Amino acid sequence: ERISLQCSHLLPHLFSYVVLFFFWAGLSIRSNQEEEPVDPQLMRLDNMLLAEGVAGPEKGGGSAAAAAAAAASGGVSPDNSIEHSDYRNKLAQIRQIYHTELEKYEQACNEFTTHVMNLLREQSRTRPISPKEIERMVNIIHRKFSSIQMQLKQSTCEAVMILRSRFLDARRKRRNFSKQATEVLNEYFYSHLSNPYPSEEAKEELAKKCGITISQVSNWFGNKRIRYKKNIGKFQEEANIYAVKTAVSATQGTHSGTDSPTTPTSAGT
DNA sequence: AATAATGATTGATT
DNA sequence: AATCAATCATTATT
């Protein structure tokens, strides 16, 4: 939305501005650095747009771009099916705007160039104009237009960044774990209450059991530890529930992998 | 609508 | 590198 807002009223100004400046002021163009510095910022923008699939192939690169984006995000989101379609929709929207705007610029640039050429031809009747001068003229025009293009690219990048932070940030689409998953996690936590620090292997097993990632298991235990410690009273009930659970399973002799079910930290009730 | 619960992130610490 | 503590942003509950 922001792109079109910024660019729609730019072209008329550009036309009048450049015409007045370069022709009525006398055609004396001295600053003709032939060097193209290949602006590093422009390179950055181009690379990002390409990586994001905005500037790439028109239709074929959609899934590849999404995969690249997912990979770049760190692979934190395990279930990317429904959320991603929305994201890809918005991205395609941005891409469409970008391409139409870019095409508009291209066309305007060509039109303007031919216009300028005509004017130059007209002037060449009264005054000799070297082809070098014409070339310089065209260069200037193209530079002007490419700077406008860079603005477009920049605002497109901005939009993509906003979109990503809006959709790929896991905080914004948080789902609670399933009841059985929290069941499993709590069972482990309260049966290892004296040392609630699962090893990498244990984490892996828990993750597999709960259908979540290892880092999610780590997050859960981190949160659980700190929140349990913060006020143990609030968790007494829960602790008792899972204590009797493990006690029952211990008496039934399912397996001998658990700590002593008695709470070591002054269990009151 | 207020409030609690909860998963994720961030910066410091060890 | 793992964890703590604080915090954010969403979801569940009252």
Side-chain angles (χ1 to χ4, degrees), chain A residues 1-2 44 48 51-53 65-94 157-246 257-269:
Chain A
E1 59 273 341
R2 198 167 162 184
R44 223 157 39 79
M48 180 186 163
E52 222 59 52
S73 79
V76 187
S77 52
D79 56 322
N80 40 6
S81 55
I82 306 168
E83 326 282 348
H84 256 42
S85 70
D86 205 355
Y87 172 77
R88 293 207 321 188
N89 271 345
K90 300 270 188 192
L91 190 68
Q93 203 173 320
I94 289 179
C157 273
E158 234 176 81
V160 170
M161 289 300 239
I162 289 170
L163 183 70
R164 284 188 62 154
S165 69
R166 199 106 177 83
F167 278 80
L168 265 49
D169 191 353
R171 276 190 298 196
R172 302 209 180 239
K173 291 259 181 182
R174 181 173 69 74
R175 302 281 112 166
N176 289 354
F177 296 156
S178 69
K179 199 65 186 167
Q180 37 191 334
T182 53
E183 192 98 351
V184 170
L185 293 167
N186 273 318
E187 201 169 320
Y188 188 98
F189 180 78
Y190 287 112
S191 62
H192 298 72
L193 199 54
S194 58
N195 185 35
Y197 295 86
S199 63
E200 272 307 313
E201 196 174 275
K203 280 181 188 174
E204 204 170 331
E205 279 213 20
L206 286 170
K208 195 170 289 183
K209 265 190 174 182
C210 299
I212 59 180
T213 68
I214 292 178
S215 50
Q216 281 178 307
V217 173
S218 298
N219 286 339
W220 191 91
F221 273 89
N223 283 322
K224 192 69 180 182
R225 271 183 245 117
I226 194 69
R227 282 162 182 166
Y228 180 84
K229 193 182 78 174
K230 194 119 172 93
N231 56 352
I232 299 174
K234 290 293 182 204
F235 289 91
Q236 268 314 325
E237 192 181 352
E238 200 177 55
N240 289 335
I241 290 173
Y242 285 99
V244 301
K245 263 192 193 207
T246 58
T258 58
D259 262 1
S260 62
T262 60
T263 58
T265 56
S266 70
T269 63

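Below, chains carry the letters A, B, ... as their sequence lines are ordered, and counting in each starts from 1. Not measured: the values here are computed from a predicted model.
Note: A:E187 CD to A:L206 CG = 10.0 Å, rounded to the nearest 0.5 Å.
Checked against the 6.0 Å centroid threshold, A:Y188 and A:F221 count as a close aromatic pair.
Between A:C210 and A:A181, the shortest heavy-atom contact is SG-O, 3.6 Å.
When distances run from any side-chain atom of A:R225 to the nucleotides B:dT9, C:dC4, B:dT6, the shortest one goes to C:dC4. Closest to the side chain of A:R174, from the set C:dA9, C:dA2, C:dA5, is C:dA9.
The CD1 atom of A:I212 sits 8 Å away from the P atom of B:dG7 (whole-angstrom rounding). Here C:dC4 presents its C1' atom at 12 Å from NZ of A:K230, a figure rounded to the nearest Å. Following rounding to the nearest Å, A:I226 (CD1) and C:dT3 (P) show an atom-to-atom distance of 13 Å. To the nearest angstrom, P of C:dA12 lies 12 Å from NZ of A:K179. Whole-Å rounding puts the A:L206 CG to B:dG7 P distance at 14 Å. Distance CZ (A:F221) to P (B:dT6): 15 Å, rounded to an integer number of Å. Nucleotide B:dA5 holds its P atom 7 Å from the NZ atom of A:K234, rounded to whole Å. Following rounding to the nearest Å, A:N223 (CG) and B:dT6 (P) show an atom-to-atom distance of 10 Å.
Distances shorter than 4.0 Å separate none of the side-chain N or O atoms of A:K224 from OP1 or OP2 on B:dT6. In this structure, A:Q216 reaches the B:dA8 phosphate: one of its side-chain N or O atoms is under 4.0 Å from OP1 or OP2.
Screening A:V217, A:T213, A:I212 for a side chain to side chain contact (heavy atoms under 4.5 Å, CB included) with A:S215, the sole residue that qualifies is A:T213.
Heavy atoms from other residues, nucleotides or ligands lying under 6.0 Å from NZ of A:K209 number 12 at most.
Not a single donor-acceptor contact under 3.5 angstrom links the side-chain atoms of A:N176 to the base of B:dA5.
The residue among A:Y197 and A:R227 whose nearest nucleotide of DNA chain C lies closer to the 5′ end is A:Y197.
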